[in-house]
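As structure tokens, the structure follows; a few thoughts come after it.
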Amino acid sequence: TGKALVYGIYFDTDSATVKPESADALKAISDLLGAHPELNLYVVGHTDDTGEGDYNLSLSSRRASSVVDVLKADHEVEAERIKPAGVGPYAPVAGNESDDGRRLNRRVELVRRL
């Protein structure tokens, strides 16, 4: 479908710093890019719908940028192959009425780009 949902990239609440527990997911992204040198991606950050929409949009953008920064610094992914973007709460995959739904909405997506 041109995108993959990635769970396993972790941040503290209200933080854009990638937590060390994210190492396996980040390595999997790096391995994917290494196996497919023709692949270029948007790294898209998503949040749940708690809090203000504009703030969540900013937070998701900062988180996406942090993921890209870690991939470049720790996994030597070329900057031109990965671009960050944030969409905040505006593209949910589940309802925000429950903890489970909010958890599913807090994610990173990899979107193929030309």
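Here the structure is a predicted model, which is why all the values come from computation and not from measurement.
- Scanning for side chain to side chain donor-acceptor pair (under 3.5 Å) contacts around Lys19 gives Asp12, with sequence neighbours left out.
- Partner of Pro84 under the side chain to side chain contact (heavy atoms under 4.5 Å, CB included) criterion, chosen from Val68, Asp69, Leu71: Val68.
- Residues Leu110 and Tyr42 form no side-chain contact, since every pair of their non-hydrogen atoms from C-beta on lies 4.5 Å or further apart.
- Using modelled atom types and a 3.5 Å distance limit, the side chains of Asp49 and Asn105 yield no donor-acceptor pair.
- At least one side-chain heavy atom of Val108 sits under 4.5 Å from a side-chain heavy atom of Val43.
- Connection of Tyr90 to Val44 is not established within any shared hydrophobic cluster, with ILVMFWY side chains joined at heavy-atom distances below 4.5 Å, either directly or through further cluster members.
- The line from NZ of Lys72 to CD of Glu78 is 11.5 Å long, rounded to the nearest 0.5 Å.
- Heavy atoms only, all atoms of each residue included: Ala25 and Gly8 are closest at CB-O, 3.5 Å.
- When all heavy atoms of Gly86 and Leu57 are compared, the pair lying nearest together is O-CD1, 3.4 Å.
- Leu104 places a side-chain heavy atom less than 4.5 Å from the side chain of Tyr7.
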Requested in this report: Given side-chain contact (heavy atoms from CB on, under 4.5 Å), test Leu41 with Arg81 step by step and report yes or no.
Outcome: CA-CA 6 Å; Leu41 299 171; Arg81 297 191 60 202; over 6 Å; no
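- Annotation for Phe11 and Thr17: closest pair CD2-O, 3.4 Å, computed over non-hydrogen atoms.
- In this structure, the side chains of Val18 and Leu26 come closer than 4.5 Å at one or more pairs of heavy atoms.
- When the shell of 6.0 Å around CD of Glu76 is examined, it contains 12 or fewer heavy atoms from other residues, nucleotides or ligands.
- Within 6.0 Å of atom CZ in Arg113, more than 12 heavy atoms from other residues, nucleotides or ligands are found, so the atom counts as buried in its surroundings.
- Shortest non-hydrogen contact noted between Leu33 and Leu39 is CD2-O, 3.6 Å.
- When every heavy atom of Ser22 is checked against every heavy atom of Tyr10, the shortest pair comes out as OG-N, 2.7 Å.
- Between Arg102 and Asp99 there is a salt bridge, since a side-chain N of the basic residue sits under 4.0 Å from a carboxylate O of the acidic one.
- Of all heavy-atom pairs between Ser66 and Ala16, the closest is OG-O, 2.6 Å.
- Note on Leu32 and Ile9: same hydrophobic cluster, where clusters join Ile, Leu, Val, Met, Phe, Trp and Tyr whose side-chain heavy atoms are under 4.5 Å apart, directly or indirectly.
- The hydrophobic clustering, which links ILVMFWY residues whose side-chain heavy atoms are closer than 4.5 Å, places Val67 and Leu59 apart.
- Side-chain atoms of Asp100 and Ser98 form no donor-acceptor pair, as typed in the model, at a separation below 3.5 Å.
- Annotation: the span from Arg106 atom CZ to Thr47 atom OG1 amounts to 9.0 Å, rounded to 0.5 Å.
- In this structure, the separation between CG on Asp14 and CG on Asn56 is 9.0 Å, given to the nearest 0.5 Å.
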